[in-house]
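Quick notes on the structure that follows.
Owing to the predicted nature of the structure, the values given are computational and were not obtained by experimental measurement.
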Amino acid sequence: MKTIREIVRRFGSVTVALTAAAAILLGPAVQADARKGVELVVKEADRRVDVTIDGQPFTSYIWPTTIKKPVLYPLRSPAGTIVTRGFPLEPRAGERVDHPHHVGLWLNHGDVNGFDFWNNSDAIPVAERGKYGTIVHRAIKSAKGGANKGELQVTEDWNTPDGKTLLREDTTYVFRGGPGVRSIDRITTLTALDQNVVFHDSKEGMIGMRVARELEQPADKPEVFTDQNGKATTVAKLDNTGVTGKYTSSEGKTGDAVWATRANWTMLQGSIGAEPVTIAILDHPSNPTHPTYWHARGYGLFAANPFGAKAYTDGKAETNFTLGPREAVTLRHRILILSGTTTPEQMAAQYVKFTGEVQ
């Protein structure tokens, strides 16, 4: 029997290697499960759509009343390990409890016509809620599974505090997976309604996720982060036992040096227990201001932001993106979750595949 290391050397691809290794080590049961494909189960009364791959839970699209936007939560590795933070929905021992608006995988922005959609949460004092926008789930247009992929189409409204809709959001999620790999394509079209909508330059954006404690980067000191509303959040230095994360971008930046730089993709690698995990966000060339800026923080915030140049360049550049009435913009991203490590060259190949498959 070949070892996983031998398979990796032979095939030179983490996805192929993990697939082959899983089939060899686990035998016919894995191959039988693989035929189950991707299944979506709509549970309107529970405000969720559950996604399984090869019979195993992967993620759920949820829109609970306790958070201010629909999200995918939680996200799991191909081995079933949860890779997103539990707080605030399902707190776990040892994890951080800062930034209560960081839930699962989301897309929003910190300044849309002066309203903050990024930082909104139930933790905002009632007297201050007039500054914050809410993304409201409206409808599931389609939910279908398949042998090779599943697809979910939803409609949402970006609303001001008084209930006025600034933007209609139409998002398609495409879920794929097999032994050793999971992927999500998020294709989002934002359409302005009856007025100009401006995505003002803000570092708080735009597609983001909050990862499990083990995938944070080890921290050597506490830090304080301030949002555009002047609200400061202290991120404490915690015990770094088992904390193994490290960012790498397509431009060769690593660790904290990735933040505020531009790149086609960034990946985060670490281990949860004995399982090596790679998470990557890929930015499509057709997206505005591509290559995107990366709002990738060591404390576990992993985000790509096309509209934050001023904050990321110390004021040397500025991006204010405007949609006129009934104008639209489409954002395309792929999220990869691998049970294993991969090289920058292998991730570059995944990027080429993404840009070929998603137009």
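Within the structure, every pair that satisfies the salt bridge (charged side-chain N to carboxylate O under 4.0 Å, His left out) test and touches residues 57-80, not counting sequence neighbours, is listed here: Lys68-Asp122. Residue pairs that meet the salt bridge (charged side-chain N to carboxylate O under 4.0 Å, His left out) test with at least one member in residues 177-192, sequence neighbours left out, are Glu169-Arg186, Arg176-Asp185, Asp185-Arg334. The list of salt bridge (charged side-chain N to carboxylate O under 4.0 Å, His left out) pairs with a residue in residues 273-282, not counting sequence neighbours, is empty.
Legend: residues meeting side-chain contact (heavy atoms from CB on, under 4.5 Å) with Thr160, ordered by chain and number and at least two apart, are Phe115, Asp162, Lys164, Leu166. Residues passing the salt bridge (charged side-chain N to carboxylate O under 4.0 Å, His left out) test with Lys43 are Asp50, sequence neighbours excluded. With sequence neighbours excluded, the residues forming a side-chain contact (heavy atoms from CB on, under 4.5 Å) with Glu214 are Ala212, Ile272, listed by chain and number. Among residues two or more places apart in sequence or in another chain, the salt bridge (charged side-chain N to carboxylate O under 4.0 Å, His left out) test is passed with Arg129 by none. For Val42, the side-chain contact (heavy atoms from CB on, under 4.5 Å) criterion is met by Glu44, Val49, Ile140, Ala143, not counting sequence neighbours. Partners of Arg213 according to the salt bridge (charged side-chain N to carboxylate O under 4.0 Å, His left out) rule, which considers only residues two or more places apart in sequence or in another chain, are Glu216. Residues meeting the side-chain hydrogen bond (donor to acceptor under 3.5 Å, both in side chains) test with His200, sequence neighbours left out: none. Residues that satisfy the salt bridge (charged side-chain N to carboxylate O under 4.0 Å, His left out) test with Arg326, not counting sequence neighbours, are absent from this structure. Evaluation of the side-chain hydrogen bond (donor to acceptor under 3.5 Å, both in side chains) rule for Gln153 yields Glu151 as partners, not counting sequence neighbours.
Checked options Thr188, Thr330, Thr155, Thr191; the residue passing with Asp170 is Thr155 (criterion: side-chain hydrogen bond (donor to acceptor under 3.5 Å, both in side chains)).
Centroid-to-centroid, the aromatic rings of Tyr247 and Phe302 come within less than 6.0 Å.
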